[in-house]
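Worksheet: one structure, shown below.
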Amino acid sequence: MKLSLKALSINVFLAFVASLFIAPALGASVPVVATAIVATSTVAQYIAPDLFRGIAMEGLQTEVWVAGIKENPIPNDSFVYQSVDLSQYVENNKLHLAEAGVEPGVHEDYFASSSSALPVATIDDIANEVVLKTYSTEQTLHRELQEVELSYDKRSSVIQRHRVSLAKNLGKRAAWAWAPQKDNEWNKVLTLASNDSVIDAIIDLKQFMEEKDIVEGVNICFTPEHFARIRKEDKRLYKDIMNEKQMYGIKVFQYSQNPLYDGTTKEKKPFGAVKASTDKRASFMWVTNEVFRCFGDVKMYATLRDAGLQADALSFAQRALVGVIRAKTPKFLGAIL
C-alpha cells in the first residue's frame, strides 16, 4: 500500500489534535505522542492494511476528492473559457446576476441643469437571481476506494473521469445557451446553400457585430463541416487559423456538439433534440462579456462495499450554470446554418 503526502499530512494533523488530549494524561510531551501515533498507524497500514478496512478508515476523506473536481473544472483551451466567470456572485448555489453589473449611461454636466439624484442604471434585461443547476455523474464502480484514495495517481485517474464528463456536459450546454434562438434585431442567423461561402458568412456576421459597436471579445465556434469548407475555400487562411487560433480578430474554436436548428423555421431546437434529416448544426458567434459561467458546491457520494454491487460506488454532484447575461433579451449572438 502507498501513502500519499497529502494523506500523510492529514494523519499528522489528526494525530497532533489527539495528542493534545492524550499527552497530559500520560505525562508526555505533545510532539512525542503525536509522532508515536503517526508512526504506529503508518506502519500498521503498510504491514496489515486489512485491519483498517471497515474500522479505522470507514469513511473517505471527502475534501481530497472534491478538491480534485473543483480544480480546473473546464480545460483552459475550451471555448467555455471565453465568458465571464461569475462564481464570485454565487451564494448558497444562487447566482445574483443583477450584482454582476450593468453598463451605466454617462451624463454631461448633469448637475448643471438638475438638482435631482443621478438616474439608476436599468437592468430590465438581466434576471435578479438564478438557481444553479445540479449536474450529477453516473456511479462508477471500484475495488477498495480507500486504497485508491491513498494513491495519488489512482485517485487522480478516477477523479479525472468524472471531471471530464462534467466538463463535456457543460460544454454542450454552453454551446446551446450561447447560440441565438432566431434571427432578430440583436442577433443574426445566416443560412448557407451548399455552394455559399462560409468565409463570406463570417465577414457578414462580423459586420453585424461592428454595426452594434462590438469590436472586441468576439468568438466563433465552428462545426467540423464548416471548418472543412473553410479549408477548401482558402487553404492559406485555414493554415493561419490553425496556427493563430483566430481570424479577422475573432477567436476561433471547433466543436462537434454545436446546437441544432430547424431547417425550415431556422430556429434553434431544444437542448438534447435528436437531429432530423432537415435540421442543420450551426457554427455560432458570441461576445465574451455577454455570456457567463459559474460554479457552486461540489458534493461526493460514495457507497463502500455495496452488497448488491459487491464493489465501491462513487458519484459526484456539481452545481454550475452557463448562460447569457441578458437572459431576458439576449444580444450580440450569431449563427451560421
Side-chain angles (χ1 to χ4, degrees), residues 60-76 78-105 119-139 159 161-181 186-187 217 219 221 255 257 259 268-273 284 286-302 314-333:
L60 297 173
Q61 298 174 20
T62 303
E63 67 279 2
V64 175
W65 295 82
V66 168
I69 295 293
K70 286 185 174 181
E71 181 183 358
N72 196 26
I74 51 177
N76 293 334
S78 169
F79 72 89
V80 181
Y81 252 100
Q82 302 307 313
S83 60
V84 182
D85 186 355
L86 298 182
S87 299
Q88 61 180 316
Y89 297 105
V90 174
E91 294 181 5
N92 299 320
N93 293 312
K94 291 182 181 179
L95 172 62
H96 301 278
L97 264 174
E99 295 181 13
V102 63
E103 186 176 304
V120 177
T122 59
I123 51 174
D124 295 337
D125 57 353
I126 299 179
N128 182 47
E129 185 178 89
V130 187
V131 178
L132 272 60
K133 302 292 186 182
T134 301
Y135 299 116
S136 304
T137 61
E138 294 181 350
Q139 296 184 88
I159 292 174
R161 278 177 265 167
H162 287 265
R163 185 170 57 214
V164 167
S165 182
L166 288 166
K168 287 181 177 180
N169 166 73
L170 211 62
K172 292 179 183 178
R173 295 181 184 278
W176 186 87
W178 299 350
Q181 181 61 37
W186 294 102
N187 306 284
N219 313 276
C221 188
Y255 190 47
Q257 301 297 313
K268 184 171 62 177
K269 301 190 70 173
F271 179 81
F284 64 97
W286 76 100
V287 181
T288 297
N289 61 10
E290 289 289 331
V291 300
F292 73 88
R293 68 186 187 276
C294 64
F295 298 93
D297 294 342
V298 175
K299 292 186 177 181
M300 180 187 79
Y301 297 90
L314 180 68
S315 176
F316 290 91
Q318 180 185 61
R319 301 298 297 269
L321 192 66
V322 289
V324 292
I325 293 178
R326 304 176 195 264
K328 297 179 181 179
T329 312
K331 294 181 179 180
F332 315 128
L333 305 173

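This one's a predicted model, so the numbers in the text were calculated from it and none came from an experiment.
With rounding to the nearest 0.5 Å, the separation of CD in E63 from CE in M300 is 8.5 Å. Here the OG1 atom belonging to T329 is positioned 6.5 Å from the NZ atom belonging to K331, to the nearest 0.5 angstrom. Separation of atoms OH (Y89) and CG (L95) is listed at 10.0 Å; rounding is to 0.5 Å. Rounded to the nearest 0.5 Å, atoms OG (S87) and CZ (R319) are 13.0 Å apart. The CG atom of D297 lies 8.0 Å from the CG atom of N92; values are rounded to the nearest 0.5 Å. Interatomic distance, NZ of K168 versus CD of Q257, reported as 9.5 Å (0.5 Å rounding).
Closest approach of P330 and V324 over heavy atoms only: CG-CG2, 4.0 Å. Of all heavy-atom pairs between W286 and L333, the closest is CB-CD2, 3.9 Å. When all heavy atoms of P180 and K268 are compared, the closest pair comes out as O-CB, 3.8 Å. Residues P270 and W176 come closest through the heavy atom pair C-NE1, 3.6 Å. For the residue pair A317 and S136, the shortest heavy atom distance occurs at CB-OG, 4.0 Å.
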Could you walk me through whether T137 and L166 pass the side-chain contact (heavy atoms from CB on, under 4.5 Å) test, one step at a time? CA-CA 7 Å; T137 61; L166 288 166; 3.7 Å; yes
Go through Y81 and N219 one step at a time and tell me if the side-chain contact (heavy atoms from CB on, under 4.5 Å) criterion holds. CA-CA 11 Å; Y81 252 100; N219 313 276; over 6 Å; no
Please report the C-alpha distance between I69 and H162 in whole Å, then the side-chain angles of each, then the deciding distance to 0.1 Å, and finally whether the side-chain contact (heavy atoms from CB on, under 4.5 Å) criterion is met. CA-CA 8 Å; I69 295 293; H162 287 265; 4.1 Å; yes
What do the steps show when you test Q139 against Y301 for side-chain contact (heavy atoms from CB on, under 4.5 Å), and what is the final call? CA-CA 9 Å; Q139 296 184 88; Y301 297 90; over 6 Å; no
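For the pair R293 and I74, the minimum side-chain heavy-atom distance is below 4.5 Å.
A donor-acceptor distance shorter than 3.5 angstrom exists from the side chain of S83 to the backbone of V80, with no hydrogens or angles considered. At distances below 3.5 Å, not a single donor-acceptor pair connects side-chain atoms of R173 with backbone N or O atoms of V322. Of the possible donor and acceptor atoms, none in the side chain of Q318 sits under 3.5 Å from a partner among the backbone N and O of V298. Judged purely by atom type and a 3.5 angstrom limit, N169 has no side-chain atom pairing as donor or acceptor with the backbone of Y135.
Relative ring orientation between F316 and W65 is described as tilted, the plane-to-plane angle lying within the 30° to 60° band. Using the six-membered ring where Trp is involved, Y255 and F79 have ring planes that are tilted, between 30° and 60° apart.
In K133, the NZ atom is not crowded: 12 or fewer heavy atoms of neighbouring residues, nucleotides or ligands sit closer than 6.0 Å.
C294 pairs in a side chain to side chain contact (heavy atoms under 4.5 Å, CB included) with only one of the listed residues (V84, N93, L132, V130), which is L132.
Checked against salt bridge (charged side-chain N to carboxylate O under 4.0 Å, His left out), K94 has the following partners two or more places apart in sequence or in another chain: E129.
When ring centroids are compared, W178 and F284 stay outside the 6.0 Å threshold.
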